[in-house]
Number of protein chains: 2
Amino acid sequence: MSIKQPVTINDVARRAQVSVSTVSNVLTGNRPVSAKTRAQVMLVVEELGFRPNRLARGLVSRSSKTIGIVASGLEYFGPSRTLVGIEQEASERGYSLILSLIHEPATEEVEPIVNHLITHQVDGIIWAIPQIGQNRVWWKSAVERLPVPVVFLNHAMWPGSLGVDIDNCQGGFMAASHLLANGFVNIGLIAGPGQWYAAEMRKKGWETALHEAGRAIDPRQLAEGDWTPQSGEQAFFDLMRRYPEMDAVFAANDQMAIGAMRAASDLNLRIPEDIAIVGFDDVPEAAFTRPRLTTVRQPVVGLGRLSVKALIRLIAGEMEPGDAGVGAMLQPSLIVRESSQRVAR
Amino acid sequence: MSIKQPVTINDVARRAQVSVSTVSNVLTGNRPVSAKTRAQVMLVVEELGFRPNRLARGLVSRSSKTIGIVASGLEYFGPSRTLVGIEQEASERGYSLILSLIHEPATEEVEPIVNHLITHQVDGIIWAIPQIGQNRVWWKSAVERLPVPVVFLNHAMWPGSLGVDIDNCQGGFMAASHLLANGFVNIGLIAGPGQWYAAEMRKKGWETALHEAGRAIDPRQLAEGDWTPQSGEQAFFDLMRRYPEMDAVFAANDQMAIGAMRAASDLNLRIPEDIAIVGFDDVPEAAFTRPRLTTVRQPVVGLGRLSVKALIRLIAGEMEPGDAGVGAMLQPSLIVRESSQRVAR
DNA sequence: AGCACCGCATAAAACGTTTTACACGTCAAT
DNA sequence: ATTGACGTGTAAAACGTTTTATGCGGTGCT
């Protein structure tokens, strides 16, 4: 009836008739061990089911093989998929994830989170909170004096720090250009919340496309939502009221696009005959709305993986945050479906 | 130009002119320290910005204040929200999360994951992988000999182990009963994948409601999807072909319901006049389909929180896995919208 | 033969905490 | 005056690893 004491490296060493250092060397591969000894040790390791204590390991080796994730908005499509990508890449490379969620991404209060991760001796941090308004400026001091490298996700490039992001501006540009190319002329925008960097970029892309087509932009053709379908619905009503000549609208995410489709249908507008709609994200539902929604697909999983790759290179010292390499900006792609085609169906 | 050495408890002790034990006692509150000494120590702690090393702490105290999450399907609505609930509750109670994702929930290969968490000395594990077919039986041995408590999420209750779940059977029952009460008589089912426990339960609820209404069940009125909108669309076509008298359908999740709506509309069926539809989940989009989707809402965030509460009680030894307490089964609620009402709009 | 070197193994010293065992003074009860 | 208990503080022993410093037999080179 003995309490099940976990088996330690000492138990293994004793049983295998070698020193602890030898066992350690077999397990970590830090120094060569003769084939005979290694076999002998491995046998005992299997036999006893030895599982090295990472706390002890991290304590002395000063590397916990752990990365901290600071995230928010996991209930949304992009962030949750990105997290999946992060986890995949990390686990493939032998890193563990310790997860901290922030409920209000515009918060100034990140010290406790950062401290929490640091006390866990993470080797690096992935900062996956959207850049909103001045939040990054607030965090500057807290993040700058961190003893470990940080990779920013979904942030503006920043001198001296490493970020990976989707090219949202290009995405917005593609959406608007596509509508123009299909003969739509009065293109409204249902933008994301004003302070969000990603929302700004998508808007900028839309603006650029319109400018390049030689069309001036009227404030009437722009409404702002908060990413929810509800807000998309409302924004669409507002737009139609004050900009009745609108014949197409680009919504900065699919949920708002779905809200807008609902609103259009309430106004007895046919899509795309009377009004074309393009979204952003390519959520699974987007292919099954009526009509099917044209949208901009982001490589969200790839984004997560890339952030881990970059972080690991920082950790290994192969790279400085300064040399924000090429490839830190992933390209979205346009998925053309029924909601934006003049000749649809 | 010295390398920034992290400040240790020794530095604090020296500077505050007390012993390390005293600093430790101030910080942990494990033993009383006079107000004067405490103040003096705290001052130095602030001044030096001391952040205790959790690895060292966990090593000796044998409690890492960390819980392991084994999850999958984070790209879906329920699981990602549940994770949010888990994180909230855990962080409020001072626990950290270490996250492991499994890509194939029906996998037999969980030993590596379990080992991984154990080496991190987690205090407990939340097993948030859906029960599919016999996977739980496979895991039995791996999980049983774990040195830490485990809480199962979304699993059948199991003697000797603790689980928390949504009452999926009740959810299915509510959906079908609602349709019956609204005068629909030939109610089809688009079930989830056969092996999923949750899918089985939702189906069972649907069956029960039909039986109680005195209606026999014909195999023609049942189709199976894989949770995707695509599969919901396909299942609906199949159902209509072989069960043309169908006047209502219950889909085991909202994504399939959305696929079904799309299919219905392709067949020029009006919803709900010709065919009523009820979903399951209450995803944000559900309120903005045309017509708006009646669905069953699950308290997913609450489920996550509850699982952490239960786990912490297990860890504290206040509870045995045996006494699967009341309240381990959360009740869903029916959200009635337009897609299921005879008199809609 | 002497010397340097290499390959392998080990003992002992970290790593940064908490916990244990003990010490010292004060105070209350005998 | 003795005893016991209590409140506060400390030194030293854990905790389970990796890393460092050493040792030791054999091999190749002068």
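In this text, all values refer to a predicted model and were calculated from it rather than measured experimentally. Chain identifiers are assigned alphabetically (A, B, ...) following the order of the sequence lines, protein sequences preceding nucleic acid strands; residue numbering begins at 1 within each chain.
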Next on the checklist: If the threshold is 4.0 Å, N to carboxylate O, is there a salt bridge linking R145(B) and E111(B)?
Outcome noted: yes
Item to check | S61(B) vs S34(B), nearer the 5' end of DNA chain D by closest nucleotide | outcome: S34(B)
Checklist entry - Can you check the L59(A) CG to dT17(C) C1' distance for me, whole Å? => result 8 Å
Checklist entry - Whole Å only: how far is the CG atom of L27(B) from the C1' atom of dT19(C)? => result 15 Å
Checklist outcome for this item: Nearest heavy-atom approach of R38(B) to V33(B) is NH2-O, 3.3 Å
Checklist entry - Which whole-number value in Å describes the distance from N10(B) CG to dA11(D) P? => result 12 Å
Checklist entry - Between atom CZ in R31(B) and atom C1' in dT20(C), what is the gap in whole Å? => result 9 Å
Next on the checklist: What is the separation between atom CD1 on I9(B) and atom C1' on dC15(D), rounded to the nearest whole Å?
Outcome noted: 15 Å
Next on the checklist: Over 60° means perpendicular and under 30° means parallel, so tell me whether H155(A) and F152(A) are parallel, tilted or perpendicular.
Outcome noted: tilted
Checklist entry - So, is S24(A) near the phosphate of dT18(D), with a side-chain N or O under 4.0 Å from OP1 or OP2? => result yes
Next on the checklist: Side chain of V33(A) only, heavy atoms from C-beta on: which candidate in dA9(C), dC8(C), dT17(C) is closest?
Outcome noted: dA9(C)
Next on the checklist: Using the side-chain heavy atoms of A56(A), tell me which of these nucleotides is nearest: dG16(D), dA9(C), dT19(C).
Outcome noted: dG16(D)
Next on the checklist: Measuring from the side chain of R62(A) (C-beta onward, heavy atoms only), which nucleotide among dT19(C), dT10(C), dC15(C) has the closest atom?
Outcome noted: dC15(C)
Checklist entry - Nearest of dT17(D), dT17(C), dT18(C) to any side-chain atom of N53(A)? => result dT17(D)
Item to check | Interatomic distance where NE2 belongs to H120(B) and P belongs to dT17(D) [whole Å] | outcome: 14 Å
Item to check | Presence of T22(B) side-chain N/O under 4.0 Å of dT8(D) phosphate oxygens OP1/OP2 | outcome: no
Checklist entry - Is it the case that more than 12 heavy atoms not belonging to Q17(A) sit under 6.0 Å from its CD atom? => result no
Item to check | Closest listed nucleotide, where the reference is the side chain of P32(B) and the choices are dC15(C), dT18(C), dT8(D) | outcome: dT8(D)
Checklist entry - Which part of the nucleic acid does S21(B) contact within heavy-atom distance under 4.0 Å: base, sugar-phosphate only, or nothing? => result base
Next on the checklist: Rounding to an integer number of Å, can you tell me how far Q121(B) CD sits from dG16(D) P?
Outcome noted: 9 Å
Item to check | Length of the line joining L55(B):CG and dT18(C):C1', which is rounded to integer Å | outcome: 14 Å
Next on the checklist: As an exercise, state the distance from CG of L117(B) to CG of L99(B), rounded to the nearest 0.5 Å.
Outcome noted: 9.5 Å
Next on the checklist: Of the listed nucleotides (dC8(C), dT19(D), dG16(C)), which one gets closest to any side-chain atom of V60(A)?
Outcome noted: dT19(D)
Checklist outcome for this item: By nearest-heavy-atom nucleotide on DNA chain C, the more 5' of S19(A) and N30(B) is S19(A)
